[in-house]
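Take a look at the structure set out below.
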Amino acid sequence: MTASRIPWICLAVLIAFPPDRPARCDEISAAPKWKKHAINDRSPFEAAGVADFDGDGHLDVFSGDSWYAGPSWTRHKVRDVPAGTNPHYREDFADQPLDVNGDGKPDIVTCAYFSRKVAWLENPGQASKPWTEHLIDRPGSMETGYLVNLGPTRNHTFLPNVGGRMMLYELTAALPKPQWTIRQLSPEGAGHGLGHGDVNQDGRIDIITPKGWYEQPADPDGRWPFHAEFSLGNASIEILCHDFDGDGLGDIAWGMGHGFGLHWLRQSKDAGGKRVWTRGDIDNSFSQAHTLHLGDFDGDGEVEFVTGKRVYAHASEPGATEKPCLYRYRFDRKSAKWEKTIIDEGEPATEAPLDPEKRDALVDFKRGSAGTGLLLAVHDVDRDGDLDIVAPGKSGLYWFENLRITKVPASR
């Protein structure tokens with residue numbers, strides 16, 4: 001996602017040419033173009049995760065109540081997911097793949113808003129056999145959460161965006177039984193939005209909130225000091241931290257999860273070495289940018305990010321019924337300007353949002369209009385060497401195939 005992971009260009013190469021699969025092809029690179037595939041255009045779930053759930057060598061997609069076997073996207077329903085207290089939402093706000101119990105099969109770490117739970121779903125290893133849910137904790141209402149590598153002793157940490165609290169769930173042992181270490185930070189930074197990255201260039205991954213950032217201590221058991229250096233409002237999940245302008249300092253990019261606007265904070269230092277944050281706009285043309293995701297989508301060695309409109313984050317919010325969209329943003333260091341490219345745009349709604357009594361009609365109306373849901377999944381789904389996007393949401397589940405790299409048989 002950010003600096004805690006293998007650099008994206010290295011990841012793309014590793015995926016494209018794994019050691020157990022010889023590469024007998026020539027590669028033709030071009031600017032990214034995208035092909036849209038409907039995995040399930042009636043799926044109402046806003047989370048998705050990518051992994052090889054059945055061990056057949058093909059990557060699959062898990063979303064809500066089902067997993068979809070690639071490359072044909074055969075659906076296997078494995079659990080029931082109820083609606084929340086608000087019937088417009090389902091109790092599945094994160095689907096993060098992780099082998100929790102160490103049996104070699106990817107499981108799912110999840111969280112929910114209305115039932116206030118963090119849990120993991122156990123992969124039974126059989127296609128349509130039900131997945132068993134194991135409760136981890138009930139910390140409070142969560143819009144979503146994601147897995148992050150915070151360092152050598154925290155390489156499987158789940159960060160949920162809990163209302164009014166800052167919680168970390170570290171998987172510290174898998175066998176013979178999964179064990180989670182629960183850590184609670186001071187609540188002063190808690191708010192709508194969550195991210196991570198090396199803010200102060202000390203080599204450790206920090207946690208970013210709408211109100212500032214928590215500094216990871218050198219001592220794994222030490223206190224995380226909070227730095228109230230900025231205010232972002234109701235921010236996205238994730239809030240990104242990356243050196244976009246190439247000056248060696250981590251900048252911050254975020255969207256307004258429940259309003260219009262994409263923005264960034266450019267980090268610099270004053271004469272005394274103090275951090276200075278300069279705010280700028282990226283794009284104010286659409287609303288409800290609830291999730292952002294980093295990746296090198298064009299293969300030039302520089303990281304960009306993708307985001308878009310969450311379809312009906314809340315029906316009463318500004319721009320709620322405007323067209324769904326998915327965009328890629330790149331910072332041009334020569335011109336010091338942001339460049340926007342369209343991945344997908346849908347049609348604006350012409351009916352009232354999500355009347356639970358008319359769900360089927362509204363799903364038909366919105367079919368094919370892709371949004372971002374609560375958390376995009378970025379992965380080389382077809383293992384051709386470039387990064388694709390899986391976009392879940394109330395308007396369906398879609399795979400956007402990156403056509404930057406095409407393969408042709410190598411001459412013999």
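Everything numeric in this text was worked out from a predicted model, so none of it was measured. For the numbers below, each heavy atom of this structure counts, side chains included, while hydrogens, waters and symmetry mates do not.
Closest non-hydrogen pair, P187 versus G164, comes out as CB-O, 3.7 Å. Considering all non-hydrogen atoms of both residues, A377 and A48 come closest at CB-O, 3.9 Å. Nearest heavy-atom pair across V78 and K129 is CG1-O, 3.6 Å. Of all heavy-atom pairs spanning A370 and S395, the tightest one is CA-OG, 3.9 Å. Nearest heavy-atom pair, D380 versus D386, reported as atom, atom and distance to 0.1 Å: OD1-O, 2.9 Å. Considering all non-hydrogen atoms of both residues, A235 and W254 come closest at CB-CD1, 3.8 Å.
There is a side-chain donor-acceptor pair under 3.5 Å between H290 and E143. Donor-acceptor pairing under 3.5 Å is lacking for the side chains of K77 and S128. Checking N40 against Y68 by side-chain atom types alone, a donor-acceptor pair falls below 3.5 Å. A donor-acceptor contact closer than 3.5 angstrom is absent between the side chains of T278 and R266.
Checked options Y327, W264, W338; the residue passing with F305 is W338 (criterion: ring-ring contact (aromatic ring centres under 6.0 Å, His included)).
Crowding of K337 atom NZ: a count of heavy atoms from other residues, nucleotides or ligands under 6.0 Å not exceeding 12. More than 12 heavy-atom neighbours from other residues, nucleotides or ligands sit within 6.0 angstrom of NZ on K340. K323 NZ: 12 or fewer foreign heavy atoms inside a 6.0 Å radius.
Under a 3.5 Å cut-off, the side chain of K309 and the backbone N or O of G319 do form a donor-acceptor pair. Looking at R279, its side chain never comes within 3.5 Å of a backbone N or O of F230 through a donor-acceptor pair. Between the side chain of S369 and the main chain of G346, no donor-acceptor pair closer than 3.5 Å is present. Not a single donor-acceptor pair under 3.5 Å links the side chain of T157 to the backbone N or O of E170. Distance alone, capped at 3.5 Å, is enough to place a donor-acceptor pair between the D206 side chain and the Q216 backbone. Judged by distance alone, the side chain of R165 and the main-chain N or O of P139 form a donor-acceptor pair under 3.5 Å. Looking only at distances, a side-chain donor or acceptor of T110 sits under 3.5 Å from a matching main-chain atom of A94. Remark: side-chain polar atoms of S236 are not paired, donor with acceptor, to backbone N or O of A289 under 3.5 angstrom. Side-chain atoms of Y214 come within 3.5 Å of backbone N or O of G189 as a donor-acceptor pair. In terms of modelled atom types and a separation under 3.5 Å, the side chain of W224 and the main chain of W213 share no donor-acceptor contact.
At a threshold of 4.5 Å between non-hydrogen side-chain atoms, the residues M167 and I182 count as touching. Contact of the Y89 side chain with the K394 side chain is registered, since non-hydrogen atoms from C-beta on lie closer than 4.5 Å. Residues L168 and I207 are in side-chain contact: their nearest non-hydrogen atoms beyond the backbone lie under 4.5 Å apart. V390 is listed as a side-chain neighbour of L397, based on a closest heavy-atom distance under 4.5 Å. Here the side chains of T291 and R310 are not in contact, with every heavy-atom distance at 4.5 Å or above. Within the 4.5 Å cutoff, no side-chain heavy atoms of Y329 are placed close to those of L292. For the pair F53/N123, a side-chain contact is recorded, criterion being any heavy-atom separation below 4.5 Å from C-beta on. The shortest distance between side-chain heavy atoms of D243 and D251 falls below 4.5 Å.
The existence of a salt bridge linking D332 and R330 is confirmed by a sub-4.0 Å separation between a basic side-chain nitrogen and an acidic carboxylate oxygen. Using a 4.0 Å cut-off between a side-chain N of Lys or Arg and a carboxylate O of Asp or Glu, R204 and D202 qualify as a salt bridge. Using a cutoff of 4.0 Å between basic side-chain nitrogens and carboxylate oxygens, R79 and D92 are scored as salt-bridged. Ion pairing between a basic and an acidic side chain is recognised when a charged N comes within 4.0 Å of a carboxylate O; D65 and R75 show such pairing.
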Q | salt bridge (Lys or Arg N to Asp or Glu O under 4.0 Å) evaluation trace for E229 with R275 | A | CA-CA 9 Å; E229 296 180 355; R275 276 183 300 277; 2.8 Å; yes
Q) Does the pair Y312 and E317 meet the rule for a side-chain hydrogen bond (donor to acceptor under 3.5 Å, both in side chains), with working shown? A) CA-CA 8 Å; Y312 297 135; E317 291 175 350; over 6 Å; no
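Within the model, atoms CD1 of I252 and NE2 of H263 stand 13.5 Å from one another, a figure rounded to the nearest 0.5 Å. Considering CG of L375 and CD of E238, their distance stands at 6.5 Å, rounded to 0.5 Å.
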